[in-house]
Colleague: 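Take a look at the following structure, please.
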Amino acid sequence: MSSPKITLYTAPTPNGIKISMALEELGIPYEEKRLAFGKNEQKEPWFLKINPNGRIPAITDHNSPVTGGEFHVFESGSILQYLVDQYDKDHKLSYKHGTKEYYEMLQWVFFQNAGVGPMQGQANHFVKFAPERIEYGMKRYTDETKRLYSVLDTRLASQPSGWLVGDHISIADITTFGWVYASKLLEGKVDLAEFPKLKEWKERIEAREATKKGNIMNQN
C-alpha cells in the first residue's frame, strides 16, 4: 500500500471537520490548508481545479493508490469513502465491503449528506446569518432539523454499542458529528437535551483524542 501524503483544504465548518477528524482517527499524516472564505479563496482558479464546485472540504492525495500519483477528491462523503477504501484496511472507521454493517454505514452516511447537512445548514442560515428575520424559514428548517435529530436519537437508542452502526465508530458517526456539534448555533431553537441518546453520542465523540485534534471548529 502506498504511503499517504495528503493535503486537506478545509475551514472550521461542520463539513470541514469531518475529514480532519477521520484523518486523525486513521493516523494518516496530512497538511492542512485553511481557505479564507472572506477572501473568496474557494473560488480562485487554483482551487477550482481541485473542486470545480468551489466548496470545502477537498483533498489532494499526492501518492494515491488509485493513480500512482496525484489525485483530487471533493465532497465530504466521497472523501470519507475514499479514505476508508484506500487506507482503512483494519476497519477502524469502516466495515468489510459487502457486509450488512457496510451497507448500513453507507445508509447513514447518505442520510447525513442528503438530510441533516442540507436541512440544518438552512436552519443555521435563517437563525444566525440571514440579513432579515424570516419566521417561516426559521421554523421550517429548525423543525426539520429536530425531526432528523429524533431519527438519529431513535437509531442510537436501538444500538447497544451507542454507535450509529455496528460495534465501533465509523464514517457514519464522523460525518454526522460536525452538524450535531454545530447545533449550538441554533441555541433557543434546538435543544439537544430533547435527544438524550444523541447528546450522549455527541459527548462521547467529543471526548476522543482524534476529535480534540481534528475538530478545528473548537479551536477558533
Side-chain angles (χ1 to χ4, degrees), residues 4-26 28-67 69-87 93 106 108-132 134 137-138 140-141 144-145 148 171-172 174-186 213-220:
K5 183 183 177 184
I6 289 174
T7 301
L8 167 62
Y9 308 94
T10 190
T13 72
N15 285 330
I17 67 171
K18 300 174 184 181
I19 310 308
S20 48
M21 286 173 59
L23 290 166
E24 293 289 348
E25 289 280 358
L26 294 172
I28 297 174
Y30 63 100
E31 176 189 5
E32 179 188 286
K33 179 172 177 55
R34 297 193 194 186
L35 273 63
F37 290 170
K39 298 178 180 178
N40 221 26
E41 194 172 7
Q42 74 276 14
K43 300 299 185 183
E44 292 182 1
W46 70 268
F47 185 67
L48 292 176
K49 292 178 182 178
I50 296 166
N51 181 359
N53 194 36
R55 296 286 190 273
I56 62 93
I59 66 168
T60 299
D61 189 343
H62 301 277
N63 193 22
S64 172
V66 174
T67 63
E70 190 173 85
F71 186 57
H72 305 306
V73 190
F74 62 90
E75 288 295 327
S76 60
S78 181
I79 298 168
L80 290 171
Q81 190 67 55
Y82 172 83
L83 291 175
V84 296
D85 280 355
Q86 299 304 320
Y87 298 117
L93 286 183
L106 291 186
W108 289 101
V109 168
F110 290 130
F111 174 82
Q112 186 282 305
N113 286 350
V116 178
M119 295 300 101
Q120 190 177 331
Q122 291 297 320
N124 290 350
H125 172 77
F126 280 106
V127 171
K128 293 293 289 186
F129 305 112
E132 58 184 296
I134 303 174
M138 289 193 292
R140 171 179 168 80
Y141 292 110
E144 180 62 3
T145 297
L148 293 165
I171 58 173
I174 295 292
T175 197
T176 308
F177 170 81
W179 288 99
V180 178
Y181 179 81
S183 65
K184 58 188 178 182
L185 293 175
L186 300 174
K213 294 176 181 177
N215 180 8
I216 60 175
M217 288 178 71
N218 196 38
Q219 300 167 12
N220 289 269

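No hydrogens, no waters, no symmetry mates; every other heavy atom, side chains included, goes into these values. Predicted model only: the values in this text are computed from it and were never measured.
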Colleague: For the residue pair Leu80 and Ala22, what are the closest heavy atoms and their distance?
Modeller: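 Nearest pair, atom of Leu80 first, then Ala22: CD2-CB, 3.5 Å.
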Colleague: Can you tell me how far the CD atom of Glu132 sits from the CD1 atom of Ile134, to the nearest 0.5 Å?
Modeller: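 Here the interatomic distance stands at 4.5 Å.
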Colleague: Could you state the interatomic distance from CD (Glu24) to CD1 (Ile17), rounded to the nearest 0.5 Å?
Modeller: 12.0 Å
Colleague: Just to verify, what does Gln122 make a side chain to side chain donor-acceptor pair (under 3.5 Å) with, not counting sequence neighbours?
Modeller: none
Colleague: Gln120 side chain to Trp179 main-chain N or O, any donor-acceptor pair under 3.5 Å?
Modeller: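 Such a contact is found between Gln120 side chain and Trp179 backbone.
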Colleague: Holding to side chain to side chain donor-acceptor pair (under 3.5 Å), I want the full list of residues that pass it with Glu41, two or more places apart in sequence or in another chain.
Modeller: none
Colleague: Tell me the closest heavy-atom pair linking Ser20 and Tyr30, and the distance in Å.
Modeller: CB-OH, 3.7 Å
Colleague: Using side chain to side chain donor-acceptor pair (under 3.5 Å) as the criterion, list what pairs up with Lys184, not counting sequence neighbours.
Modeller: Tyr181
Colleague: Among residues at least two apart in sequence or on other chains, which ones pass ring pair (Phe, Tyr, Trp, His ring centres under 6.0 Å) with Tyr9?
Modeller: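 With neighbours one apart ignored, the set is Trp46, Phe47.
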Colleague: Run the side chain to side chain donor-acceptor pair (under 3.5 Å) test against Asn113 and tell me which residues pass, sequence neighbours left out.
Modeller: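 Checked Asn113 against side chain to side chain donor-acceptor pair (under 3.5 Å); zero matches.
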Colleague: Leu8 versus Ile79: any side-chain heavy-atom pair under 4.5 Å?
Modeller: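 No, side chains not in contact.
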Colleague: Can you tell me how far the CD atom of Glu75 sits from the CD atom of Gln81, to the nearest 0.5 Å?
Modeller: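 Between Glu75 CD and Gln81 CD, I get 14.0 Å after rounding to 0.5 Å.
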Colleague: What residues form a side-chain contact (heavy atoms from CB on, under 4.5 Å) with Leu185, not counting sequence neighbours?
Modeller: Asn124, Lys128, Ala182
Colleague: Can you measure from CG (Leu83) to CD1 (Ile6) and round to the nearest 0.5 angstrom?
Modeller: 5.5 Å
Colleague: Between side-chain atoms of residues 48-57 and protein atoms elsewhere (two or more places apart, or another chain), which donor-acceptor pairs fall under 3.5 Å?
Modeller:
residue : atom : partner : partner atom : Å
Asn51   : OD1  : Asn53   : N            : 2.9
Asn51   : ND2  : Arg55   : O            : 2.8

Colleague: Can you tell me how far the CD1 atom of Ile216 sits from the CD1 atom of Ile19, to the nearest 0.5 Å?
Modeller: 11.0 Å
Colleague: Taking salt bridge (Lys or Arg N to Asp or Glu O under 4.0 Å) as the test, write out the residues that go with Glu32, two or more places apart.
Modeller: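 Salt bridge (Lys or Arg N to Asp or Glu O under 4.0 Å) check on Glu32 returns Arg34.
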Colleague: Phe74 and Ser78: which non-hydrogen atoms are nearest, and at how many Å?
Modeller: O-CB, 3.4 Å
Colleague: With sequence neighbours left out, what residues match Thr176 under side-chain contact (heavy atoms from CB on, under 4.5 Å)?
Modeller: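 Result, side-chain contact (heavy atoms from CB on, under 4.5 Å) vs Thr176: Gln112, Leu152, Leu164, Val180, Trp201.
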Colleague: About how many Å separate NZ of Lys18 and OG1 of Thr10, when rounded to the nearest 0.5 Å?
Modeller: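 Rounded to the nearest 0.5 Å, the OG1-NZ separation comes to 11.0 Å.
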Colleague: Could you tell me which residues satisfy side-chain contact (heavy atoms from CB on, under 4.5 Å) with His62, sequence neighbours excluded, listed by chain and number?
Modeller: Lys5, Thr7, Thr60, Glu70
Colleague: Could I get the full list of ring pair (Phe, Tyr, Trp, His ring centres under 6.0 Å) partners for Phe111, not counting sequence neighbours?
Modeller: Trp108
Colleague: Please enumerate all residues that pass side-chain contact (heavy atoms from CB on, under 4.5 Å) together with Tyr82, with sequence neighbours excluded.
Modeller: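 Here the qualifying residues are Ile59, Asp61, Ser64, Pro65, Val66, Phe71, Val73, Gln86, Tyr87.
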